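Step one of this worksheet: look at the structure below.
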2 protein chains.
Amino acid sequence: MKNIALTLSYNGTNYHGWQSQKNAVTVSDTLSAVLVRLTGEEVSLTGCGRTDAGVHAKIYVANFRSPTSIPPDKLPLAINALLPDDISVSFASLVPDSFHATFSCRKKEYTYLIHPSKIRNPFYKNRAYQYPAALTLDRMCEAAKEFEGTHDFSAMRSQGTIVKSTVRTIDWCKVERLTNGLISISISADGFLYNMARAIAGTLLCTGAGTIFPEDIPVILKSKDRSLAGPTLPPGGLYLSRLWYGKEVTHVSGV
Amino acid sequence: MKNIALTLSYNGTNYHGWQSQKNAVTVSDTLSAVLVRLTGEEVSLTGCGRTDAGVHAKIYVANFRSPTSIPPDKLPLAINALLPDDISVSFASLVPDSFHATFSCRKKEYTYLIHPSKIRNPFYKNRAYQYPAALTLDRMCEAAKEFEGTHDFSAMRSQGTIVKSTVRTIDWCKVERLTNGLISISISADGFLYNMARAIAGTLLCTGAGTIFPEDIPVILKSKDRSLAGPTLPPGGLYLSRLWYGKEVTHVSGV
């Protein structure tokens, strides 16, 4: 059996996230169905992580075992020809048997996009969260720094998933204004709790709006009280943006 | 009666263009229905031009006459609250009685986006035309210059609309590679024939691919033979991008 890794990207708007579900269309099920058609065998896909309904992936890595004789370099175009065009596989390669898309992933970065404007932009629908007032960038940057390091992120997660530990290490949490006027929040960590990226983005939004102060962040983290932090922002503004398996994965070179 | 001008933008994916049609959803009909609801009066909307089904507008100007007492500065948010979120009005103002969105428009710019890549990008679906090979930018730039000036553009239009003259003046035709890797073709002119922007984009694509040479362009224009030019590219890559009514219209200051 070969162990094959795929690098892909998807617009999550029309999917109930990555993970296979009954009675809902997911990216994993959609991709699996194509792999079954191509290889003629049952396929069990492992993804680098769950993404929620409506969340996007600029980059995503999955792996599966298959006896297929299709050369890996032929797989992306063959798969894409059968996939809907909101999912795209950019690279496929044989990987060591020990490779596991979830457990071999060392670090992930999520990026949240905010469009601060009273007037909505039709091109940002399901792609950036519209906030109808100005945001103070300096405060957001100052607050973002408070999330960096190793903390218990209980105050920044939604209930619903059982985890061994709520401690995670954030390598960087950066806020910047892009040339198109959007505010980008990039968070890289060794792992993310359920809704953690969207809760941090919502809390940073509050610091930009002036309802939470940067110096409140350590207090909120220590409290482990979700109700003290900002809201979980909607999924359409969130992108899985970078992945590291040893070295960083790119669209071009793959894993 | 007041003469009110609106500045708007729309993602054209789900619309059969601007112009009112029977048995098809258009931007004009969608916006008119909202204006009727708000003002309680029949409304006749005039737009700055027709856009084809699936073509987008980063900026668009329309005007209508109404006895409404709603102050213009209250109109954008009131209209947007009732519009679907792929259309957005950014500015409204009272304009002189002589203002006519079609005839007062001096110049328009359309921008066509090409994604040159074997692998499709799910975020460019209906937003940029994927061309599955590399394009030689220098040749496209050289060819673009040949379109500038006053020419008979019969070779760059589709049949279907009766026009007095097929002569138009192109102020600029510019090709550039954007930081995201897309190739952008911007064409400004005093007017555009039916499918003219998409035919020029298709012809420039051919020069980038090497099937038409830059020095062929003047010959093709003189021939008035549509079959010698490149294909009409799909609508999803085309954006009405700039408008001039005397001075340039912006989202912020409006007309």
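Remember, predicted model here, so these are calculated numbers, not experimental data. Per chain, numbering begins at 1; letters A, B, ... match sequence-line order. Worth knowing before you read on, the calculation uses all heavy atoms, side chains too, and leaves out hydrogens, waters and symmetry mates.
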Next item on the list: Look at the aromatic rings of B/W172 and B/W244 and report parallel, tilted or perpendicular, splitting at 30° and 60°.
Entry: perpendicular
Item checked: Contact residues of residues 76-85 of chain B (partner chain A; heavy-atom separation under 4.5 angstrom) -> B/P76, B/L77, B/N80, B/L83, B/P84, B/D85
Next item on the list: Could you tell me whether the side chains of B/Y10 and B/T51 share a donor-acceptor contact shorter than 3.5 Å?
Entry: yes
Next item on the list: Could you pull out the closest heavy-atom pair between B/I114 and B/P116, with the gap in Å?
Entry: O-CD, 3.3 Å
Note to self: Restricting to side-chain contact (heavy atoms from CB on, under 4.5 Å), what partner residues turn up for A/F64, sequence neighbours left out?
What the structure shows: A/I4, A/L6, A/L35, A/V43, A/L45, A/S66
Check: Angle class for the B/F99/B/Y245 ring planes (parallel below 30°, perpendicular above 60°, tilted otherwise)?
Finding: tilted
Next item on the list: Would you indicate whether the side-chain heavy atoms of A/P234 and A/Y112 approach each other to under 4.5 Å?
Entry: yes
